Amino acid sequence: MSFSSPFLLDLHRSMSTVFLQRRLTSKAGSNGSSVAHNDTLTALYHNWSLPPTQTLPLQSPLRDSPYQFHSKTNSDPSYIQTPRLAVTKMLVDRWCELREYYGIYSGSLSVKPSKAIELGVERHLELEEMMHTKVDVSSLEQTVEEIYTEVVRREELICTEEQGDLVFPDPPCLERLSVSVEEFEDAVFGSVGVSDMASQWSNQIINRLYALITTSEAREVLVHCYVDLTKGKFIDNTRSLLAGQTDPGVANPRKVLVSGIIDHLSLTNQHDPSDLSLFEEIKWNEEYNCDHVINHTLLVDITSFLKRTEKLLGDHKDSFKVRTTDVKTRSYNKIPPQKSVLESAKFQTIYYRKMFGLLATENRVDEHFGYNSLLENARQRGLNVDEPINMLTILVLLRQNFKILYKDFVKLAKGEPIGHEAYDTFMRENSFDSYDLSQLVQLEPFENLSLAENFDYCELLTSDLITAWKYPPTLRYFAARSAQFYSLFQDLMGDVTSVEYHNVKTQRCFHTSEYAYNSSELESQLQSGTSFWNGERAPIFTNDLDKCKYCEFNSRCAVPNGKTDDSDHRKIIGQEISRFLEDRNRIEQSETS
């Protein structure tokens with residue numbers, strides 16, 4: 001049947017979906033299932049064009065690989081705009097690969113978080129805020145908006161003429177004003193995507209890694225890497241990273257962005273955890289070299305700080321190491337009984353350890369790989385790394401992190417180098433449009449804000465900043481500084497990771513599992529994940545039918561309904577044996593090398 005009208009075609013599709021829902025609901029009821037309506041299952045049957053009476057096949061009838069489908073049919077549009085995977089998505093066997101497979105081809109529908117998940121999120125936020133004090137910038141944002149409104153109002157008054165009691169507008173003036181107001185609004189509030197990423201890199205990389213190196217701990221630290229699905233390899237050099245560039249939004253299986261957030265990083269002496277000598281030396285150096293105080297806070301010159309700290313770390317690199325930890329939350333004091341879940345948690349920390357090491361350039365082969373990796377991250381998201389960060393964001397970041405950003409921002413304003421070779425060369429060889437905070441910052445409103453917040457903004461907003469900047473603040477700047485902070489740890493990457501299990505009711509950690517970082521094991525895990533996502537192998541279904549009770553596909557899946565044959569089981573067992581032998585060979589090779 002063909003439809004010449006788009007309306008009739010859409011109507012046909014919607015009626016087919018309704019019919020399919022009714023048939024699936026009816027069938028589920030006849031099987032004794034408690035599923036009254038299952039959007040995910042319905043979407044899968046629709047996407048695969050399956051008749052409602054058919055049992056789900058063990059492999060997709062579509063030509064798209066799981067990664068390709070995930071990147072163009074997804075309930076979260078950000079994964080279509082920026083094709084990528086989360087670290088947890090690489091761990092396809094954490095429950096049942098077949099369930100993961102079905103979920104992808106259903107369109108990765110969003111699910112309302114359970115109470116347990118909500119409590120888990122709250123626990124993570126509590127841990128983060130205990131370590132990293134949040135600065136309330138709502139009043140600052142409101143003040144900037146009020147200043148902007150007042151500036152525009154004054155400009156509009158210029159374009160009017162009073163004649164007695166009447167006010168007449170000047171059309172040519174208003175037309176010119178509309179252009180200048182639009183430019184001013186863009187300078188103050190625009191470049192949202194670029195500015196949001198600058199905030200993330202400032203707060204969750206630069207600020208957090210500064211905390212790690214000065215206080216021994218940091219939480220919620222951003223990391224990412226790139227994986228070649230076709231080869232099952234991490235990309236670890238700039239040449240491979242920049243090869244075969246594609247437009248933003250295009251899913252490239254040869255260069256897949258994998259992102260993650262490390263729950264907890266700690267830097268300790270492996271031989272004596274009570275040894276704080278490194279941090280005492282860093283603090284002493286910081287205080288000794290301080291020559292500027294704002295709001296009773298010592299300001300840090302990052303360029304000098306990095307040089308001094310690198311020298312200190314050289315004296316401590318054999319004893320102080322970074323540990324990567326993931327936090328799992330539970331409703332009671334018992335770790336998950338499923339081996340696959342425990343193994344998944346283990347490899348999540350090992351992935352994070354590897355990603356941190358790549359950004360820190362621990363292999364020392366490509367010193368600017370971390371910097372180029374960050375720039376590529378932004379490019380894949382369709383962001384211009386040389387577009388100025390909006391003024392509101394710069395003022396907010398300055399308020400949040402003025403201890404480490406003030407002197408850097410003064411360097412940008414004066415057009416001075418920051419000590420990053422690639423960045424400094426680029427800035428020196430290029431010209432930039434004007435970036436002038438004096439258009440926005442008027443001291444009287446900030447004086448009032450200072451009284452309300454008990455924070456002296458006038459002491460912070462000096463003439464060194466409230467001027468035309470020679471170098472605008474950009475993502476390129478934040479990438480350079482982030483890369484430098486990552487690289488501080490290139491000789492401090494530890495070989496132990498851990499998973500902490502926290503009880504959300506008692507808010508205590510009741511169990512910690514420790515693991516040895518093993519690159520051969522990670523290679524095997526990566527091969528398993530990439531071959532799944534690239535569609536090179538069939539998904540492996542679980543042998544633990546208890547897991548099927550919690551699966552949204554159980555009413556139509558062949559596994560719990562006894563519709564798999566011996567060949568299916570032999571295929572699965574064969575894949576498991578093959579994976580076991582590959583693991584053993586890699587481990588043996590690593591032990592002999």
Side-chain angles (χ1 to χ4, degrees), residues 86-88 91 94 113-138 199-224 259-270 273-274 276 279 320-336 341-342 344-356 359 397 400-401 403-404 482 485-486 488-489 492-494 496-515 517:
V87 170
T88 50
L91 305 167
R94 64 186 180 278
S114 65
K115 184 64 176 177
I117 291 176
E118 289 177 346
L119 290 172
V121 170
E122 289 178 10
R123 178 58 179 159
H124 277 79
L125 285 172
E126 288 168 359
L127 291 169
E128 180 183 11
E129 291 177 5
M130 285 168 58
M131 192 170 294
H132 305 286
T133 303
K134 187 177 180 180
V135 177
D136 183 2
V137 293
S138 57
S199 296
Q200 291 177 28
W201 288 359
S202 176
N203 290 322
Q204 290 186 264
I205 300 177
I206 298 171
N207 175 273
R208 300 300 161 88
L209 295 184
Y210 175 78
L212 177 60
I213 203 67
T214 55
T215 68
S216 81
E217 289 184 282
R219 290 192 183 274
E220 307 300 323
V221 179
L222 290 177
V223 287
H224 71 273
S259 55
I261 302 177
I262 301 176
D263 286 342
H264 186 210
L265 289 171
S266 56
L267 178 61
T268 56
N269 186 324
Q270 304 301 288
S274 65
L276 300 177
F279 310 106
F320 280 82
K321 297 295 178 183
V322 173
R323 173 180 288 205
T324 305
T325 300
D326 196 63
V327 173
K328 303 295 183 186
T329 54
R330 306 284 290 169
S331 299
Y332 43 87
N333 288 0
K334 187 177 180 181
I335 65 173
V341 175
L342 298 176
S344 173
K346 164 190 168 180
F347 278 108
Q348 187 174 350
T349 66
I350 292 176
Y351 261 106
Y352 287 152
R353 158 64 180 82
K354 175 67 175 181
M355 294 160 77
F356 193 177
L359 292 167
L397 293 180
Q400 291 172 328
N401 302 311
K403 177 182 175 119
I404 56 178
S482 296
F485 271 99
Y486 279 128
L488 273 181
F489 301 92
L492 305 178
M493 301 305 301
V496 177
T497 69
S498 57
V499 177
E500 291 181 356
Y501 293 90
H502 288 231
N503 186 314
V504 293
K505 296 174 182 175
T506 65
Q507 298 186 341
R508 293 180 180 275
C509 174
F510 66 87
H511 180 82
T512 300
S513 297
E514 295 186 346
Y515 304 102
Y517 175 74

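As the structure is a computational prediction, the values presented were derived from the model and not from experiment. The analysis underlying the following values was restricted to heavy atoms, covering all of them including side chains, and did not include hydrogens, waters or symmetry mates.
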Looking at every non-hydrogen atom in both residues, tell me the closest pair between [X] and [Y] and how far apart they are.
X    : Y    : result
I206 : S482 : CG1-OG, 3.6 Å
C509 : H502 : CB-NE2, 3.6 Å
S498 : T512 : CB-CG2, 4.0 Å
N503 : K505 : OD1-N, 2.7 Å
L209 : F356 : CD2-CZ, 4.1 Å

Discussion item. Using ring centroids (six-membered ring only for Trp), state whether F489 and F320 fall under 6.0 Å.
Written reply: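 F320 vs F489: aromatic centres not under 6.0 Å.
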
Between [X] and [Y] (side chain of the first, backbone of the second, donor and acceptor by atom type, cut-off under 3.5 Å), is there such a pair?
X    : Y    : result
Q400 : N203 : no
H224 : I261 : no
R219 : M131 : no

Worksheet item: Taking only residues two or more places apart in sequence, or in another chain, which ones meet S216 in a side chain to side chain donor-acceptor pair (under 3.5 Å)?
Response: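 For S216, no residue satisfies side chain to side chain donor-acceptor pair (under 3.5 Å) once neighbours in sequence are set aside.
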
Discussion item. I350 and side chain to side chain contact (heavy atoms under 4.5 Å, CB included): which single residue from T497, D326, V87 fits?
Written reply: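 Exactly one option meets the side chain to side chain contact (heavy atoms under 4.5 Å, CB included) with I350, and it is T497.
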
So, [X] versus [Y]: side-chain donor-acceptor pair below 3.5 Å or not?
X    : Y    : value
S202 : N401 : yes
H264 : E217 : yes
T324 : T349 : no

Discussion item. Is there a side-chain contact (heavy atoms from CB on, under 4.5 Å) between F510 and R330? Walk through the geometry before answering.
Written reply: CA-CA 10 Å; F510 66 87; R330 306 284 290 169; 3.9 Å; yes

Worksheet item: What pairs meet the salt bridge (Lys or Arg N to Asp or Glu O under 4.0 Å) rule with one or both residues in residues 125-135, with sequence neighbours excluded?
Response: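 As it turns out, the salt bridge (Lys or Arg N to Asp or Glu O under 4.0 Å) pairs with a partner in residues 125-135, which skip direct neighbours, are R123-E126, E128-R208.
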
Item to complete: Can you label the angle between the Y501 ring and the H511 ring as parallel, tilted or perpendicular, going by 30° and 60°?
Response: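 Tilted: the ring planes of Y501 and H511 meet at 30° to 60°.
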
Worksheet entry | From CA spacing to verdict: side-chain contact (heavy atoms from CB on, under 4.5 Å), Q200, L222 | CA-CA 8 Å; Q200 291 177 28; L222 290 177; 3.8 Å; yes

